[in-house]
Each structure stands twice: as structure tokens, then as C-alpha cells.
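All remarks here apply to the structure that follows.
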Amino acid sequence: MSTGWKNPQPQPQPQPSVRSGRWTSLTRRWGGQKHLQTMALLGVVWMIIFHYIPMYGILIAFKHFDIIGTISSAPWAGLEHFRAFLEDDNFWYIVKNTLGISLLKLAIGFPLPIVFALFLNEIRSTRFKKSIQTISYLPHFLSWVILGGILTTWLADTGLINQLLLAWGWIDQPISYLAEPGYFWTIVVSSDIWKELGWSAIIYLAAMAGVSTDMYEAATIDGAGRFQKMWYVTLPAIKGTISILFILAVSGILNSNFDQILVLRNSLNESASNVVDIYVYQVGIQQGRFSYSTAVGLLKSVLALILLLIANSVTKRMNNTSLF
């Protein structure tokens with residue numbers, strides 16, 4: 001016999017969407033890290049303002065830009081400025097100077113901080129180790145304007161270097177080092193190493209601090225000496241750090257340190273000191289050819305990106321370490 005009463009069916013509860021769940025998780029994470037996220041946000045805003053918004057000016061490289069007018073009103077030039085740079089009579093010797101200085105810095109200046117950090121890491125006296133480290137990275141905090149003045153004084157005819165070499169009998173008469181193009185690359189590379197050796201070693205020392213002491217103890221039990229521990233324990237443990245810094249160094253191979261060369265160059269060593277950055281400064285700022293200099297700078301940036309991708313691919317295949 002039917003009573004007319006039916007058992008009510010449970011109503012399905014609305015499920016939160018995946019998007020709302022992610023938003024809730026993001027909100028909670030922001031609330032727990034609001035101070036750190038605010039600091040990071042300020043950095044992002046700074047990068048957008050000073051790095052991404054100015055990229056609109058890249059259009060100058062493809063236009064006949066005049067400082068009196070605006071970028072939007074300037075007539076299009078296409079690839080004319082790029083073609084003019086590649087056909088310039090100074091192109092090959094500018095590239096030769098840029099690559100020569102940069103490759104020497106990479107070949108000599110990149111491994112030296114690693115070696116310096118390895119030996120510094122082996123010093124047992126904490127006070128002596130900190131003293132050496134402080135002395136070595138102190139030049140990093142001096143600008144090239146100051147160091148350039150010091151080097152110009154030291155390398156003059158009556159400077160410290162000539163006085164020492166004459167006193168030791170290594171030379172018969174003073175040498176004007178900055179007036180001789182043959183000495184310029186050596187001066188640039190050696191002074192750059194002097195300035196950045198200790199500072200660059202800090203990163204490797206920080207990576208070495210994370211190496212487990214158990215690995216050193218096991219190597220000691222196996223009869224390994226200090227140099228064997230460096231080669232078989234320390235270096236493999238920091239190869240990731242070395243790879244990342246190598247990728248960044250290769251990507252910046254077309255940057256010859258504009259500040260350094262600008263304060264050390266003169267009309268007598270121009271044949272060895274005229275690099276891409278100096279050329280862009282002379283053509284763009286001094287001669288007012290803004291479109292041409294922008295095209296040269298853009299071409300250099302594109303080549304740097306290609307070098308970055310190549311170096312990243314090579315290190316990824318060699319030891320499975322890469323930036324991306």
C-alpha cells in the first residue's frame with residue numbers, strides 16, 4: 001500500500017573548481033610569505049620599468065631616427081643599419097679586438113678563481129684565510145675610474161713598474177706600456193683578473209662549504225692526499241656551480257668591459273683597444289648616429305643570446321647542468 005511518501009535523494013554538493021582551489025592556495029602562500037613576496041615584487045617592478053619598457057627603443061635600429069623627432073614618426077630603414085655595420089671597414093678589426101680580449105679573459109680569468117678558491121679552501125687557519133680573502137676581493141669595490149688612474153700612474157715612464165724593472169735590470173730604458181698596442185691586451189686581462197679574482201672566488205667557496213665532510217673522510221681512509229681530494233671530491237661537488245658560471249661567461253663574451261677599456265685607452269693604443277662597446281659609444285654618443293649604434297648593440301645582443309643557448313646545450317649534454 002503506497003503512503004505517498006518518498007525517500008528524499010541527497011543533493012550533490014558543489015565542488016570547488018580547480019582554478020578557485022589554486023587561487024586559494026596562492027592566497028594562503030602569499031599571506032605566509034608576504035614580506036618576501038613584497039620584496040620580490042619590487043624587484044619585478046624595477047625590472048619591468050628599467051629593462052622591458054625601454055625595449056620599445058629597439059625600433060630605432062630599424063628606422064632613420066632623428067633626436068628632434070619621435071620614434072613613431074621616424075621613417076623605416078629596414079636592415080640598412082645592420083648592413084652598414086657589416087660592410088664597415090673597421091668591422092673585422094673591431095671584432096678581432098673584442099673576441100681577442102674576451103677569449104683571453106675567459107681562458108685565463110675564468111679558471112683562476114676556481115684554483116684560487118680550491119687553495120683558499122685548504123687553509124686551516126681561519127684568521128689567515130679571512131685576511132687573504134679580504135685582501136683579494138678588496139679591489140672589486142673600487143671603480144675602474146680609480147683603478148684606471150692607479151694603473152696609468154704605475155705604467156707611466158716614471159711609474160712604479162718601470163722603476164722596479166729598471167732596478168732589477170730587466171729592462172734598459174723605460175717603456176710606455178699604455179702607448180704600445182702590443183701591451184694593451186695583456187694589461188686589460190691582467191688588471192681584470194687582479195680586480196675580480198677574489199670576488200669571483202666567493203661563489204666557489206660558498207659551493208665548497210656545502211660539500212659533505214663524510215666525502216673527505218672517506219677519501220682520507222682510501223689514502224687520498226690533498227690534491228687528490230681537490231680533484232676527486234671538491235671539483236665534482238661544485239661542477240654544477242662551475243657550469244652555470246661558465247654559461248654566463250660565454251654569453252657575455254662580446255662584452256669587453258666598457259668602463260675598463262674606456263679609462264685605459266688612448267689614441268696611441270687605439271688599434272688594440274677599439275672594441276664593439278667603444279665603437280658604439282663613439283658612433284652613437286659622439287657622432288649622434290643613434291639608429292646605427294642601436295643596430296650594432298641589438299646585433300651584439302642577438303649573438304650573445306645564441307652563445308648562451310649553445311653553451312647551455314653543451315653543458316647540459318656534458319654534465320646534465322643547465323640554466324633552463
Side-chain angles (χ1 to χ4, degrees), residues 41-106 144 188 244 246-265 267 270-316 322-324:
L41 182 61
L42 293 175
V44 171
V45 172
W46 177 86
M47 183 173 294
I48 291 174
I49 294 175
F50 292 100
H51 287 77
Y52 285 91
I53 294 179
M55 288 183 70
Y56 172 71
I58 291 176
L59 291 176
I60 297 176
F62 304 96
K63 290 191 170 188
H64 291 295
F65 176 72
D66 190 348
I67 192 172
I68 300 176
T70 61
I71 297 177
S72 58
S73 63
W76 290 96
L79 301 177
E80 178 181 338
H81 303 300
F82 297 92
R83 191 181 305 110
F85 174 62
L86 297 176
E87 295 175 355
D88 194 300
D89 295 336
N90 299 322
F91 174 77
W92 288 112
Y93 100 87
I94 290 173
V95 172
K96 182 194 72 172
N97 290 335
T98 303
L99 291 180
I101 294 174
S102 298
L103 289 176
L104 283 175
K105 286 183 178 181
L106 182 64
W144 274 114
V188 169
I244 297 299
F246 178 77
I247 294 172
L248 297 176
V250 170
S251 65
I253 202 171
L254 296 177
N255 296 324
S256 303
N257 198 338
F258 172 79
D259 296 340
Q260 177 192 18
I261 295 181
L262 184 65
V263 298
L264 294 177
R265 72 187 302 272
S267 58
E270 185 176 359
S271 60
S273 62
N274 199 5
V275 296
V276 173
D277 291 337
I278 296 294
Y279 181 74
V280 171
Y281 167 72
Q282 290 177 332
V283 174
I285 304 300
Q286 296 181 345
Q287 300 180 17
R289 299 173 62 185
F290 299 105
S291 296
Y292 182 81
S293 59
T294 304
V296 177
L298 179 59
L299 181 61
K300 190 186 78 167
S301 299
V302 171
L303 293 177
L305 177 60
I306 294 173
L307 291 173
L308 173 66
L309 296 175
I310 294 174
N312 186 78
S313 177
V314 170
T315 55
K316 188 174 184 179
S322 61
L323 284 174
F324 44 85

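No donor-acceptor pair closer than 3.5 Å links the side chain of Ser313 to the backbone N or O of Ile310. Listed for the Ser293 side chain is a donor-acceptor partner under 3.5 Å among the backbone atoms of Phe290. Of the possible donor and acceptor atoms, none in the side chain of Asn274 sits under 3.5 Å from a partner among the backbone N and O of Glu270. With hydrogens and angles disregarded, a donor-acceptor distance shorter than 3.5 Å links the side chain of Gln260 to the backbone of Val188. The backbone N or O of Lys63 lies less than 3.5 Å from a partner atom in the side chain of His81, making a donor-acceptor pair. Judged by distance alone, with hydrogens and angles left aside, the side-chain atoms of Ser73 form no donor-acceptor pair with the main-chain N or O of Gly69 at under 3.5 Å.
Among Val280, Thr98, Leu305, Leu254, the one residue that satisfies the side-chain contact (heavy atoms from CB on, under 4.5 Å) test with Lys300 is Leu254.
For Ile67, the CD1 atom is loosely surrounded, since the number of other residues' heavy atoms within 6.0 Å does not exceed 12. In this structure, Phe246 places its CZ atom where only 12 or fewer heavy-atom neighbours from other residues, nucleotides or ligands lie under 6.0 Å away. Environment of OH in Tyr52: sparse, with no more than 12 heavy atoms of neighbouring residues, nucleotides or ligands closer than 6.0 Å.
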Practice problem: Evaluate side-chain contact (heavy atoms from CB on, under 4.5 Å) for Ile101 paired with Val275, printing each intermediate quantity in order. | Solution: CA-CA 9 Å; Ile101 294 174; Val275 296; 4.0 Å; yes
Practice problem: Please lay out, stage by stage, how Ile58 and Met55 fare under the test side-chain contact (heavy atoms from CB on, under 4.5 Å). | Solution: CA-CA 5 Å; Ile58 291 176; Met55 288 183 70; 4.0 Å; yes
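In this structure, Phe82 and Phe62 have tilted ring planes: the angle between them lies in the 30° to 60° band.
Inspection of the Asn90 and Tyr279 side chains reveals no N or O donor paired with an N or O acceptor under 3.5 Å. Counting only N and O atoms by type, the side chains of Thr294 and Ser291 include no donor and acceptor under 3.5 Å apart.
Checked against a 6.0 Å centroid threshold, the rings of Trp76 and His64 do not count as neighbours.
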